[in-house]
Amino acid sequence: MTGGEGLLKKRDEAGEPAGDGYVPSARRIERERVKRARARRATAIAALSTLITAVALFLVITNSPGWPRTRETFFSAEYARKALPQVLEGLLLNLRLLVVCGAAVLVLGLLLAVARTLRGPVFFPLRALATAYTDFFRGLPLIICLLMVVFGVPALRLQGVTTDPVVLGGSALVLTYSAYVAEVFRAGIESVHPSQRAAARSLGLSGGQALRFVVLPQAVRRVVPPLLNDLVSLQKDTGLVSIAGAVDAVYAAQIIAGKDFNFTPYVVAGLVFVALTIPMTRFTDWITARMDRRRAQGGLV
């Protein structure tokens with residue numbers, strides 16, 4: 001046997017590719033069979049345990065003393081059919097708020113992040129203001145911010161300032177979420193190695209050009225998953241504008257529930273929000289996994 005044939009035989013026995021005529025060894029075939037059997041067994045166990053848990057919860061809930069009254073109050077098919085059209089009509093307002101406020105949050109958050117990363121003593125006042133803004137609105141509960149803006153701004157009676165609850169509620173959402181998004185963008189900017197900026201400057205780019213063409217593109221790519229998570233949270237929190245009197249999905253459900261003291265419309269509104277949130281969450285998970293794979297393969301700077 002020649003040296004090449006011996007090497008080919010060894011590679012075949014190790015279960016590794018040995019050219020176009022490669023045939024898996026018996027050991028590799030057995031290893032793959034065991035892996036598939038373990039995967040099928042794990043799937044079966046997971047499905048069985050899930051089924052048992054679901055059945056146990058169903059029996060505990062349906063056999064509880066107050067279940068008949070709870071089912072009538074929270075899970076009435078009649079009230080669900082009555083509430084669904086009005087809840088969906090109010091949901092359009094939530095979707096418009098998500099689009100408009102989401103765009104404003106991204107722009108303002110990026111500006112705040114850039115302001116916090118500016119260098120040089122001349123930019124200290126700007127950095128201090130951006131830092132104070134993010135610290136204040138990250139610490140202020142969103143519900144309090146909404147109440148202060150929605151009821152405080154009209155109380156000032158400023159000429160030319162709107163009193164529309166939708167605009168004021170959306171402004172409060174932008175104020176709060178831009179502080180969180182600014183920190184996400186700042187983390188992405190600071191994660192870019194200083195050598196990238198130095199290399200850009202050595203090629204003749206100014207500080208602003210290096211930030212715009214070299215640093216920011218890398219930073220934004222790195223923070224896409226957490227940004228999508230913030231948008232998912234924003235989508236849910238658009239329902240809080242109902243405290244200002246805006247007729248969104250939540251307030252539409254509240255109107256129906258207040259007439260007959262049946263809380264099924266709240267359940268309907270909650271399920272509608274869940275139906276919107278789950279696809280966005282799964283899309284975020286897919287983007288995260290995709291970027292992790294590209295980073296592991298060295299395809300993402």
Side-chain angles (χ1 to χ4, degrees), residues 50 53-54 57-58 61 70-106 109 137-138 140-147 149-150 164-181 184 224-288:
T50 302
T53 303
L57 289 174
F58 176 79
I61 294 174
T70 301
R71 180 179 58 187
E72 179 184 352
T73 306
F74 289 90
F75 303 101
S76 171
E78 177 185 354
Y79 281 100
R81 288 192 297 268
K82 179 181 178 181
L84 184 59
Q86 299 182 45
V87 169
L88 292 178
E89 183 179 353
L91 184 66
L92 295 177
L93 175 60
N94 297 103
L95 294 177
R96 289 196 295 267
L97 280 171
L98 173 63
V99 173
V100 176
C101 294
V105 163
L106 291 176
F137 283 103
R138 288 177 69 200
L140 185 68
L142 175 57
I143 188 69
I144 295 180
C145 182
L146 276 164
L147 292 172
V149 173
V150 168
D164 187 345
V166 176
V167 176
L168 294 176
S171 301
L173 291 173
V174 172
L175 289 174
T176 299
Y177 270 89
S178 60
Y180 290 98
V181 170
V184 174
V224 166
L227 286 178
L228 290 175
N229 282 325
D230 285 335
L231 289 180
V232 170
S233 298
L234 177 62
Q235 183 266 321
K236 295 183 296 182
D237 286 340
T238 55
L240 292 176
V241 298
S242 61
I243 66 174
V247 184
D248 68 330
V250 177
Y251 196 65
Q254 182 179 351
I255 293 174
I256 302 172
K259 292 180 180 179
D260 301 297
F261 298 100
N262 188 286
F263 302 108
T264 302
Y266 287 123
V267 177
V268 173
L271 292 177
V272 168
F273 275 101
V274 169
L276 287 176
T277 302
I278 289 178
M280 294 179 65
T281 305
R282 296 286 76 82
F283 177 71
T284 301
D285 293 341
W286 179 78
I287 289 292
T288 303

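Nothing here was measured: the structure is a model prediction, and the numbers come from that model.
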Original post:
Got a sec, which residues hit ring pair (Phe, Tyr, Trp, His ring centres under 6.0 Å) with Phe137, two or more places apart in sequence or on another chain?
Top reply: Tyr133

Original post:
Would you say the side-chain atoms of Tyr177 pair up with the backbone N or O of Ser233, donor to acceptor, closer than 3.5 Å?
Top reply: yes

Subject >> Test side chain to side chain donor-acceptor pair (under 3.5 Å) applied to Ser242 - qualifying residues, sequence neighbours left out >> reply: none

**OP:** Could you name each residue pair satisfying salt bridge (charged side-chain N to carboxylate O under 4.0 Å, His left out) that touches residues 70-80, not counting sequence neighbours?
**Re:** Arg69-Glu72

Subject >> salt bridge (Lys or Arg N to Asp or Glu O under 4.0 Å) partners of Arg81, counting only residues at least two apart >> reply: none

Subject >> Pairs where residues 254-276 contributes a residue and the test salt bridge (charged side-chain N to carboxylate O under 4.0 Å, His left out) is met, not counting sequence neighbours >> reply: Lys82-Asp260

**OP:** Look only at the side chain of Ser178 and the backbone of Leu175, and say whether a donor-acceptor pair between them is shorter than 3.5 Å.
**Re:** yes

Original post:
Residues in side chain to side chain donor-acceptor pair (under 3.5 Å) with Thr238, at least two apart?
Top reply: Asn94

Original post:
Can you list every side chain to side chain donor-acceptor pair (under 3.5 Å) pair that touches residues 265-280, not counting sequence neighbours?
Top reply: Gln235-Thr277

**OP:** Check for a donor-acceptor pair, side chain of Thr264 on one end and backbone N or O of Ser76 on the other, with a separation under 3.5 Å.
**Re:** yes

Original post:
Which pairs with one or both residues in residues 229-240 pass salt bridge (charged side-chain N to carboxylate O under 4.0 Å, His left out), sequence neighbours excluded?
Top reply: none

Original post:
What pairs with Phe283 under ring pair (Phe, Tyr, Trp, His ring centres under 6.0 Å), at least two apart in sequence or on another chain?
Top reply: none

Subject >> salt bridge (charged side-chain N to carboxylate O under 4.0 Å, His left out) partners of residues 268-288, not counting sequence neighbours, each pair once >> reply: Arg282-Asp285

Original post:
By side chain to side chain donor-acceptor pair (under 3.5 Å), which residues pair with Asn229, not counting sequence neighbours?
Top reply: none

Subject >> Which residues share a side chain to side chain donor-acceptor pair (under 3.5 Å) with Gln254, sequence neighbours left out >> reply: none

